[in-house]
Number of protein chains: 2
Amino acid sequence: MAAFTSKDVARIAGVSQSTVSYVMTGKRPISERTRQRVLDAMEQLTYEPHSGARALAGRRTRVVGLVVRFGAGGDAFGLLPFIETIANSARAHDHEVLLVTADEGSAGLRRLAGRALCDAIIMMDIEEHDDRVPVAAALSVPVVLIGVPADPAGLHCVDLDFEAAARMAVDELADTGHDEIVVVGYPASVMERGLNYVGRFLRSARRQAQVRGLPLTVIEPVEHGQEAAAADQLLTRRTGGRLGVVVPHSDAIVPLLNALRKQDVVPGRDISFIGLSPDREAGQSDPPYTNISVEPRDVSRRAMETLFWLLDPSSGVERPPIDLVAPRLTRRTTVMPTPSN
Amino acid sequence: MAAFTSKDVARIAGVSQSTVSYVMTGKRPISERTRQRVLDAMEQLTYEPHSGARALAGRRTRVVGLVVRFGAGGDAFGLLPFIETIANSARAHDHEVLLVTADEGSAGLRRLAGRALCDAIIMMDIEEHDDRVPVAAALSVPVVLIGVPADPAGLHCVDLDFEAAARMAVDELADTGHDEIVVVGYPASVMERGLNYVGRFLRSARRQAQVRGLPLTVIEPVEHGQEAAAADQLLTRRTGGRLGVVVPHSDAIVPLLNALRKQDVVPGRDISFIGLSPDREAGQSDPPYTNISVEPRDVSRRAMETLFWLLDPSSGVERPPIDLVAPRLTRRTTVMPTPSN
DNA sequence: TTGAAAGCGTTACCAA
DNA sequence: TTGGTAACGCTTTCAA
């Protein structure tokens, strides 16, 4: 592991150092013959360019900063697929991923930009009123948010369209002749954090219920492990009418289905059930439930497309400042059909 | 976001650029008065050192490379706590974390070291015979493995002591008068990957069963979602004697407990049950089960201690090349007590 | 189509 | 205790 430099490559190839650089960047035409000689020399030395030197001279790091929050909060199914997709996308663009935890708050952002650790930042787990957003907006590097804060401050945001998701759930229940809706809320830890999508979903659900003239109650907060109690509470709400249950917190779905089963309540027969979750989970669950799709991979892929477009606007088509992925409703058997009489 | 340099800081503070550098690194004594002036100037300019320039001149990046495998394979509970702990530990040492996926194989390792992207590497999800291990051993930066391959090639390894864990499980069942042991194996995807700990656990379990003179069967592979079938298979094994079940794949534990319950088989009364999982999961499960602790945080914390010791051997006490975290057995109610007659 | 050379912002050596 | 200055390995202008 001798650690050769572009000077060594140049010497072996019998060209100047700048030619080596231009072969790598492709920023000026090189005769095929020279190019090949340089490439051979690189191969021979197993040359790798020094990223620090590159960043210094070229004022770009080829690194994407990723700010995530570990621990309590988001849905468990979520974080890993997000990170994975982002890592793959970065690699596809020949970029690295630098991981920063949300615990660092704005300081982490300032460090990423100030120390020139990355060319762009992608930030997840945005709160509705998030201190970091104005800081991010003032940074010298572009920032893409996964989530939509109350004030995006001009930043590009990508997320699932939780407003549309809520409307879809309410509409589905309204269209099939239900006369009451219960939304099973989030754990207190999630509620308190003021995560943007919680408010976006619940507000939209309430509004649409009003539009459709249906009473809607939110049971909240529902702690992890306390889903059985929520199930009880929910069943007392069933005043003889057709009750529809909507569960936006995907971690609560399976426990809740289990709790209902224990009470011999069959979704699709006794009550209706719609969950917000990836299609895969919904289809493989027992029983499979009608769901509204939440696909982390779609969201983070779009976020990365936006990010790379911001880094090189000529590279693709312009991206909208707020880019919402449309949810999809998949009917399985947990929503009672419209009564035929 | 003006992007000031240490030259600016030097000018404002009325000192030379090298003095600014020495204030930051502490590599030579600075009078308190000068030091304060420099710190004030930095504060005033919100100065942040350029990491690329630093890496170039100082030949150290203050970055830790983290190689992880996403997707199928390891236990779901595992990856996130590992990453989180590593990120926190890195931060505590004023280091960044660069994330690389295992899909890149040895190329990722070569890139990390060749491009001087990091000072040290931590690599997870090691296979028993892993191509990357010899490559890692030849790198110009230290590498710490989480896991123990057949041939560590001189690299430092940190992991749970799966051999001891298997012995503990077998001993516990032997000591309480069982006369048969069934180990519920891993999904095929995990078996095929040849992950190091799978072999380490199963081999050790077999050996210890032999030592204790107990028949031991491994049901394998057990797919995710197929735990009910495994439960059936397991119950047919119950030839009237006292049967002990050991479940090393933590993802299978809860589904398996559910499957047993459906058959009205009560662990601790009808059969015995020991799972390998974090204590938290075991205690919060319904029912709580006797478990052997697998604590990702302990393992990754130790791995990071080793890594920073390798980066600066004078900083602490020497680390063993193979550092195994001792598992702990916590008895709950799922192992039948020794018959009293 | 190519080369020479001036930076990029640090660190660390050599002097003072 | 401090300052001056030569690297560090690349990119990019200016010339040819």
Side-chain angles (χ1 to χ4, degrees), chain A residues 1-39 41-42 45-63 94 111 113-119 140, chain B residues 1-39 41-42 45-63 94 96 111 113-117 119 140:
Chain A
M1 287 292 113
F4 291 103
T5 73
S6 66
K7 220 172 197 164
D8 298 314
V9 175
R11 195 169 28 76
I12 302 266
V15 300
S16 76
Q17 198 179 12
S18 61
T19 297
V20 174
S21 175
Y22 285 118
V23 166
M24 299 179 61
T25 62
K27 286 190 182 177
R28 86 177 180 193
I30 301 280
S31 76
E32 191 47 37
R33 185 161 157 284
T34 314
R35 217 180 79 85
Q36 207 44 250
R37 286 232 307 258
V38 170
L39 291 178
M42 288 172 142
L45 300 181
T46 63
Y47 167 74
E48 298 266 8
H50 188 289
S51 59
R54 235 181 188 187
L56 182 55
R59 27 200 75 247
R60 37 188 273 160
T61 60
R62 304 194 80 81
V63 171
D94 196 27
R111 194 155 40 83
R115 298 197 170 181
L117 282 162
C118 63
D119 298 332
S140 55
Chain B
M1 287 291 113
F4 292 104
T5 73
S6 65
K7 218 173 199 161
D8 299 313
V9 175
R11 194 169 28 76
I12 304 264
V15 300
S16 76
Q17 199 176 10
S18 60
T19 297
V20 174
S21 175
Y22 285 118
V23 166
M24 300 180 60
T25 62
K27 286 191 182 176
R28 89 176 178 192
I30 302 279
S31 76
E32 190 47 37
R33 184 160 158 286
T34 315
R35 217 180 80 86
Q36 206 44 250
R37 288 233 307 259
V38 170
L39 291 178
M42 286 172 142
L45 300 181
T46 64
Y47 167 75
E48 297 267 8
H50 188 289
S51 60
R54 238 182 185 187
L56 182 55
R59 19 195 81 250
R60 36 185 278 168
T61 59
R62 306 195 77 79
V63 171
D94 195 28
E96 310 292 335
R111 194 156 39 85
R115 299 197 170 181
L117 282 163
D119 297 333
S140 55

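All chains are named by letter (A, B, ...) in the order of the sequence lines, taking the proteins before the strands, and each is independently numbered beginning at 1.
Rounding to whole angstrom units, CG of residue B:Leu56 and C1' of C:dT10 are separated by 8 Å. One interatomic measurement links the two molecules: CE of B:Met24 to P of C:dG9, which rounds to 14 Å at whole-angstrom precision. The interatomic distance linking B:Leu45 (CG) with C:dG9 (P) rounds to 14 Å, in whole Å.
Listed by chain and number, the residues in a side chain to side chain donor-acceptor pair (under 3.5 Å) with A:Ser21 amount to none (sequence neighbours excluded). Every residue meeting the salt bridge (Lys or Arg N to Asp or Glu O under 4.0 Å) condition with B:Arg11, not counting sequence neighbours, appears here in chain and number order: B:Asp8. With sequence neighbours excluded, the residues satisfying side-chain contact (heavy atoms from CB on, under 4.5 Å) with B:Ile12 are B:Ala41, B:Gln44, B:Leu45. Evaluation of the side-chain contact (heavy atoms from CB on, under 4.5 Å) rule for A:Ala53 yields A:His50, B:Leu56 as partners, not counting sequence neighbours. The salt bridge (Lys or Arg N to Asp or Glu O under 4.0 Å) test applied to A:Arg37 returns no partner, not counting sequence neighbours. Considering only residues two or more places apart in sequence or on other chains, B:Arg60 meets the side-chain contact (heavy atoms from CB on, under 4.5 Å) condition with B:Arg62, B:Asp119. Looking at residues two or more places apart in sequence or on another chain, you find a salt bridge (Lys or Arg N to Asp or Glu O under 4.0 Å) between B:Arg115 and A:Glu48. With sequence neighbours excluded, the residues forming a side-chain contact (heavy atoms from CB on, under 4.5 Å) with B:Arg28 are B:Ser18, B:Tyr22, listed by chain and number.
Nearest approach of A:Ala55 to B:Gly52, heavy atoms of both residues: CB-CA, 4.5 Å.
Here the CD1 atom belonging to A:Ile30 is positioned 12.5 Å from the CD atom belonging to A:Gln36, to the nearest 0.5 angstrom. With values rounded to the nearest 0.5 angstrom, A:Tyr47 atom OH is found 12.0 Å from A:Lys7 atom NZ.
With contacts defined as side-chain heavy-atom distances shorter than 4.5 Å, the pair B:Thr61/B:Leu117 does not qualify. At least one side-chain heavy atom of B:Val20 sits under 4.5 Å from a side-chain heavy atom of B:Met42.
If you walk DNA chain D from 5' to 3' and mark each nucleotide with an atom closer than 4.0 Å to a heavy atom of chain A, the marks span D:dG9 to D:dC14.
Residues A:Tyr47 and B:Ser31 both approach DNA chain D. Their nearest nucleotides, taken by heavy-atom distance, put B:Ser31 toward the 5′ side.
Nucleic acid contact for B:Ser51: none, since no nucleic acid atom lies under 4.0 Å from a heavy atom of the residue.
Remark: A:Gly14, A:Val15 in residues 5-15 of chain A come within less than 4.0 Å of DNA chain C through at least one heavy atom.
Rounded to 10°, the helix from C:dT1-D:dA16 to C:dA16-D:dT1 has 30° between the axis fitted to its first five pairs and the one fitted to its last five.
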Between the protein and nucleotides 12-16 of chain C, are there any N/O to N/O pairs under 3.5 Å, and if so, what are the atom names and distances?
| from | atom 1 | to | atom 2 | distance (Å) |
| --- | --- | --- | --- | --- |
| C:dA12 | OP1 | B:Lys27 | NZ | 3.4 |
| C:dA12 | OP2 | B:Lys27 | NZ | 3.0 |
| C:dA12 | N7 | B:Tyr22 | OH | 3.4 |
| C:dC13 | N4 | B:Tyr22 | OH | 2.8 |

